[in-house]
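What you see is a predicted model; the values in this text were computed from it and never measured.
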Amino acid sequence: MSNTPADGGTADLVSHFCNPQAVAAYADGPRRFVPGLEALHRMTWLLLAERVPADARILVLGAGGGLELKAMAEAQPGWRFTGVDPSSEMLGLARRTLGKLAARVDLVQGYIDDAPEGPFDAATCLLTLHFLDAAERRRTVAAIHRRLVPGAPFVAAHSSFPQGAAERDLWLSRYAAYAVSMGADVEQTNGAREAVRRSLMTFDPATDTAILEEGGFRDVSLFFAAFTWRGWVATA
């Protein structure tokens, strides 16, 4: 999930992905708002492949839309996936995106507590944790950790950038400028920028790193940075 609606608080940001019209228009959103999205997906499966078996079981939290599921399933034909997302509409889009690849994916509607206990060989959480406040983010990260085998890799990527007032506004302006340069509607993009500024749960990269460590992960390493987005790989 990475598109953002133009109004409302965090609950509205999440409920946006339950709107059938918004879901129908989802496909172009992540590409326009997240620089290097395809590269992020490729790097994600490459990082997991360093340490998981050929028949790995992968937990994908925030799987609605199916973009990262499709990228990983195409690249690694032996992997099986459990994708979790609170939006039934976004899970329906994931099924359509996956096509025949859906045979290797179990889709679960809900949150991390609704995911199977595993243990899984790896996990990902892309463009999702920024919807959670600090306490819920810590709890979710710890719950992911509990579902992984020891030494399993975890890849997380979400909105994370300097949070000082002046710096925050500058980076949000860059976030919007990139989307417009990629063909996003100017008025809708300005609305999205305001929604992110007002409502999204964003922290600076140091805080995000600390949350991963507090959740039980070690060797937390930044591997992706693109305007307001950061990505980490860590070990359970």
Side-chain angles (χ1 to χ4, degrees), residues 1-17 22 25-44 47 61-62 64-65 67-68 124-138 140-141 154-215 217 220-234:
M1 293 183 175
S2 69
N3 303 41
T4 51
D7 58 356
T10 303
D12 289 334
L13 288 171
V14 176
S15 66
H16 173 73
F17 297 100
Y26 176 79
D28 284 338
R31 179 183 62 83
R32 287 174 171 168
F33 281 84
V34 184
L37 180 68
E38 292 183 359
L40 172 61
H41 289 161
R42 183 177 295 272
M43 286 186 282
T44 294
L47 288 166
L61 186 64
L67 296 177
E68 65 263 47
T124 69
C125 188
L126 305 185
L127 315 187
T128 297
L129 287 177
H130 50 228
F131 291 113
L132 307 180
D133 64 25
E136 183 61 19
R137 196 178 301 194
R138 290 186 177 93
T140 297
V141 168
F154 172 48
V155 171
H158 47 268
S159 188
S160 178
F161 55 97
Q163 297 297 302
E167 289 179 300
R168 195 167 194 268
D169 285 343
L170 175 60
W171 283 107
L172 287 173
S173 293
R174 291 167 173 167
Y175 159 86
Y178 181 83
V180 171
S181 78
M182 289 291 288
D185 177 81
V186 174
E187 184 176 349
Q188 291 181 351
T189 299
N190 288 337
R193 178 190 182 281
E194 177 59 20
V196 172
R197 185 193 66 78
R198 186 176 64 246
S199 305
L200 209 63
M201 303 291 181
T202 53
F203 305 116
D204 61 79
T207 300
D208 275 311
T209 298
I211 288 173
L212 293 174
E213 292 172 341
E214 290 164 11
F217 289 96
V220 180
S221 299
L222 184 74
F223 75 91
F224 179 81
F227 277 4
T228 59
W229 306 94
R230 298 291 185 277
W232 296 264
V233 60

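To the nearest 0.5 Å, atoms CG (L172) and CD (E167) are separated by 11.5 Å. Remark: T128 OG1 to R137 CZ distance equals 10.5 Å, nearest 0.5 Å. Put simply, OG1 on T228 and OH on Y175 are 6.5 Å apart, with the number rounded to the nearest 0.5 Å. With values rounded to the nearest 0.5 angstrom, L40 atom CG is found 11.0 Å from L67 atom CG. Atom NE2 of residue H158 and atom CG of residue L126 lie 10.5 Å apart, to the nearest 0.5 angstrom. One finds the CG atom of D208 at 11.0 Å from the CD atom of E213 (value rounded to the nearest 0.5 Å).
Using a 4.5 Å heavy-atom cutoff, the side chains of M201 and H130 are not in contact. Counting only heavy atoms from C-beta outward, the side chains of F203 and I211 approach each other to under 4.5 Å. F223 is listed as a side-chain neighbour of V155, based on a closest heavy-atom distance under 4.5 Å. Residues F161 and R168 have side chains in contact (heavy-atom distance under 4.5 Å, counting atoms from C-beta outward). For the pair L61 and T124, the minimum side-chain heavy-atom distance is 4.5 Å or more. T44 places none of its side-chain heavy atoms less than 4.5 Å from the side chain of E68. Looking at S159 and W229, their side chains come closer than 4.5 Å, going by heavy atoms from C-beta outward. At a threshold of 4.5 Å between non-hydrogen side-chain atoms, the residues L127 and L37 count as touching.
Scanning all heavy atoms of the two residues, the minimum distance from A176 to T189 falls at O-CG2, 3.5 Å. Pairing each heavy atom of L132 with each of E136, the nearest pair is CD2-CG, 4.0 Å. The minimum heavy-atom distance linking P162 with D204 is given by the pair CA-CB, 4.4 Å.
At a cut-off of 3.5 Å, with distance as the only test, a side-chain donor of T209 or W232 sits close to an acceptor on the other residue. Donor-acceptor pairing under 3.5 Å is recorded for the side chains of S173 and R193.
A salt bridge links R198 and E194; the closest N-O separation between the charged side-chain nitrogens and carboxylate oxygens is under 4.0 Å.
Checked against the 6.0 Å centroid criterion, the rings of F33 and Y178 do not qualify as a close aromatic pair.
Proximity of a side-chain donor or acceptor of R230 to a complementary backbone N or O of A225 within less than 3.5 Å is not detected.
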